[in-house]
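For the single chain, residues carry numbers from 1 onward in sequence order.
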Amino acid sequence: MANTYTQIHIHYVFAPKYRNANLDKSWRPDLFSYINGIVQNHGHKMLQINGMADHVHMLIGLRPSQSIAELIKEVKEDSSGWINENRLVRHHFKWQEGYGAFSHSKSHVQRVIKYIQEQETHHAKTSFLEEYVDMLEKFGVEYDERYIFRVLE
């Protein structure tokens with residue numbers, strides 16, 4: 001085949017280390033714009049990004065030239081560097097290890113976009129941990145409760 005044709009939609013979910021709620025609403029749009037630039041620079045298409053103080057959702061049209069793991073590694077490394085260079089938090093910022101990555105068919109893309117756009121409304125009723133566990137269960141992903149995004153006690 002002369003060309004490669006794909007349709008890969010990945011919904012990423014990731015959080016700051018220890019799930020610290022330090023993604024301030026005042027600079028979150030700039031962070032999301034910066035992350036969008038990272039995604040585009042790697043040849044992918046950002047379909048939607050949004051989040052709360054303690055986590056980020058992004059829906060990507062992923063090109064097969066890069067793996068799911070490689071892209072999120074780049075996003076986390078570059079965006080944490082940007083947060084630290086701009087001194088947006090008092091301490092050294094890091095993203096939590098791990099992430100969620102869920103594939104969606106084209107028929108679900110608009111629904112996922114709307115879901116990501118409406119994060120504030122959604123989280124008025126549901127915590128991030130409840131949301132994340134629900135996603136894992138909905139997608140049939142086996143998980144160990146010790147290793148899902150939890151705040152250190």
S.K.: Are His104 and Phe139 close enough that their ring centres sit under 6.0 Å apart?
M.R.: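 Yes; Phe139 has its ring centre under 6.0 Å from that of His104.
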
S.K.: Verify, without hydrogens or angle tests, whether Lys76 (side chain) and Gln96 (backbone) share a donor-acceptor contact under 3.5 angstrom.
M.R.: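 It does hold such a pair.
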
S.K.: Taking only residues two or more places apart in sequence or in another chain, which ones pass salt bridge (charged side-chain N to carboxylate O under 4.0 Å, His left out) with Lys94?
M.R.: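 Here no residue qualifies.
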
S.K.: Side chains of Gln48 and His11: any donor to acceptor distance under 3.5 Å?
M.R.: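 No, no side-chain donor-acceptor pair sits under 3.5 Å.
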
S.K.: Return yes if some donor-acceptor pair links the side-chain N/O of Asp54 with the main-chain N/O of Asn20 below 3.5 Å, else return no.
M.R.: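 Not at all, since once roles are kept as given, no pair shorter than 3.5 Å links the two residues.
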
S.K.: Please examine the side chains of Gln119 and Glu131, heavy atoms only from C-beta on, and report whether any two atoms are closer than 4.5 Å.
M.R.: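 The answer is yes; the side chains approach within 4.5 Å.
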
S.K.: Regarding Tyr5 and Asn3, do their side chains bring together a donor and an acceptor under 3.5 Å, going by distance alone?
M.R.: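 Result is yes, a qualifying pair exists.
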
S.K.: Would you check if Trp95 and Val56 make a side-chain contact, meaning some heavy-atom pair closer than 4.5 Å?
M.R.: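 Yes. Closest side-chain heavy atoms under 4.5 Å.
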
S.K.: Do side-chain atoms of Asp24 reach the backbone of Ser26 as a donor and acceptor pair under 3.5 angstrom?
M.R.: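 Yes; at least one donor-acceptor contact below 3.5 Å.
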
S.K.: Do you know the tightest heavy-atom contact between Ser65 and His42?
M.R.: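 Smallest interatomic distance, heavy atoms only, reads OG-O, 4.4 Å.
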
S.K.: What donor-acceptor contacts under 3.5 angstrom involve side-chain atoms of residues 29-41, with partners at least two apart or in another chain?
M.R.:
from	atom 1	to	atom 2	distance (Å)
Asn41	ND2	Gly37	O	3.2

S.K.: Do Met46 and Leu71 share a hydrophobic cluster, counting only Ile, Leu, Val, Met, Phe, Trp and Tyr and linking them when any side-chain heavy atoms are less than 4.5 Å apart?
M.R.: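 Yes; Leu71 is reachable from Met46 via cluster members.
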
S.K.: Is there a side-chain contact (heavy atoms from CB on, under 4.5 Å) between Leu59 and Ile113? Walk through the geometry before answering.
M.R.: CA-CA 7 Å; Leu59 180 63; Ile113 287 171; 3.8 Å; yes

S.K.: With a 4.5 Å limit on heavy-atom distance, are the side chains of Tyr12 and Leu62 in contact?
M.R.: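 Sidechains of Leu62 and Tyr12: in contact.
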
S.K.: Does Leu47 reach the side chain of Val109, with side-chain heavy atoms less than 4.5 Å apart?
M.R.: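 Yes; the side chains approach each other to less than 4.5 Å.
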
S.K.: Please tell me if the side chains of Ile8 and Ser103 come closer than 4.5 Å, counting only heavy atoms from C-beta onward.
M.R.: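 The answer is no, as the side chains (C-beta and beyond) never meet within the 4.5 Å cut-off.
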
S.K.: Keeping the roles fixed (side chain from Glu137, backbone from Asp134), state whether a donor-acceptor pair exists under 3.5 Å.
M.R.: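 No, the answer is negative, given that no donor and acceptor are paired below the 3.5 Å cut-off.
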
S.K.: Nearest heavy-atom pair of Phe93 and Pro16: which atoms, and what distance?
M.R.: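 Looking at all heavy atoms of both residues, the shortest contact is CE1-CB, 3.8 Å.
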
S.K.: Please answer: with hydrophobic residues joined when any side-chain heavy atoms are less than 4.5 Å apart, are Ile49 and Ile72 in the same cluster?
M.R.: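 Yes, because Ile49 and Ile72 connect within a single hydrophobic cluster, where side-chain heavy atoms sit under 4.5 Å apart.
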
S.K.: Would you check if Ile68 and Tyr99 make a side-chain contact, meaning some heavy-atom pair closer than 4.5 Å?
M.R.: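 They are in contact (side-chain heavy atoms under 4.5 Å apart), so the answer is yes.
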
S.K.: For Lys138, which residues count as a salt bridge (charged side-chain N to carboxylate O under 4.0 Å, His left out) partner, sequence neighbours excluded?
M.R.: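 Lys138 satisfies salt bridge (charged side-chain N to carboxylate O under 4.0 Å, His left out) with no residue once adjacent residues are dropped.
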
S.K.: When you measure from the side chain of Glu85 to the backbone of Trp82, do you find a donor-acceptor pair of N or O atoms at a distance under 3.5 Å?
M.R.: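 Answer holds: no.
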
S.K.: side-chain contact (heavy atoms from CB on, under 4.5 Å) for Glu118 and Lys114? Distances and angles first, verdict last.
M.R.: CA-CA 6 Å; Glu118 295 177 349; Lys114 185 175 183 192; 3.0 Å; yes

S.K.: Any idea which heavy atoms bring Asn22 and His91 closest together, and the distance?
M.R.: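 Looks like ND2-NE2, 3.1 Å.
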
S.K.: State, with a plain yes or no, whether a side-chain heavy atom of Lys125 is found less than 4.5 Å away from one of Glu130.
M.R.: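 The answer is no; the side chains never approach within 4.5 Å.
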
S.K.: Met135 and Val13: which non-hydrogen atoms are nearest, and at how many Å?
M.R.: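 Heavy-atom minimum between the residues: CE-CG2, 3.8 Å.
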
S.K.: Test Phe14 against His57 for side-chain contact (heavy atoms from CB on, under 4.5 Å), laying out the working first.
M.R.: CA-CA 7 Å; Phe14 55 104; His57 290 261; over 6 Å; no

S.K.: How far apart are the closest heavy atoms of Phe128 and Ala15, and which atoms are they?
M.R.: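 Taking Phe128 first and Ala15 second, the nearest heavy atoms are CE2-CB, 4.1 Å.
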
S.K.: Is it true that a side-chain atom of Asn50 and a backbone atom of Gln117 form a donor plus acceptor pair closer than 3.5 Å?
M.R.: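 Pair found, side chain donor or acceptor close to backbone of Gln117.
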
S.K.: Any salt bridge (charged side-chain N to carboxylate O under 4.0 Å, His left out) pairs touching residues 31-42, not counting sequence neighbours?
M.R.: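 Applying salt bridge (charged side-chain N to carboxylate O under 4.0 Å, His left out) to every pair that reaches into residues 31-42, excluding sequence neighbours, yields nothing.
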
S.K.: Residues two or more places apart in sequence or in another chain: which of them pass side-chain hydrogen bond (donor to acceptor under 3.5 Å, both in side chains) with Ser80?
M.R.: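 Residues passing side-chain hydrogen bond (donor to acceptor under 3.5 Å, both in side chains) with Ser80: none at all.
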
S.K.: For residues Met58 and Ile83: do they belong to one hydrophobic cluster (side chain heavy atoms under 4.5 Å, members Ile, Leu, Val, Met, Phe, Trp, Tyr)?
M.R.: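 Linked, Met58 and Ile83 end up in one cluster.
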
S.K.: Can you confirm if the aromatic rings of His123 and His55 lie within a centre distance of less than 6.0 Å?
M.R.: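 Yes.
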
S.K.: Before you tell me yes or no, could you show the steps for Val112 and Phe102 under side-chain contact (heavy atoms from CB on, under 4.5 Å), namely the whole-Å CA-CA distance, both residues' side-chain angles and the distance that decides it to 0.1 Å?
M.R.: CA-CA 11 Å; Val112 177; Phe102 308 94; over 6 Å; no

S.K.: So how far is it from Lys17 NZ to His92 NE2, rounded to the nearest 0.5 Å?
M.R.: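 One finds 9.0 Å between NZ of Lys17 and NE2 of His92.
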
S.K.: Not counting sequence neighbours, which residues clear salt bridge (charged side-chain N to carboxylate O under 4.0 Å, His left out) with Glu77? List them please.
M.R.: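 Partners of Glu77 by the salt bridge (charged side-chain N to carboxylate O under 4.0 Å, His left out) criterion, ordered by chain and then number, come out as Lys73.
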
S.K.: Between the main-chain N or O of His44 and the side-chain N or O of Arg63, is there a donor-acceptor pair closer than 3.5 Å?
M.R.: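 Side chain of Arg63 to backbone of His44: no pair is present.
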
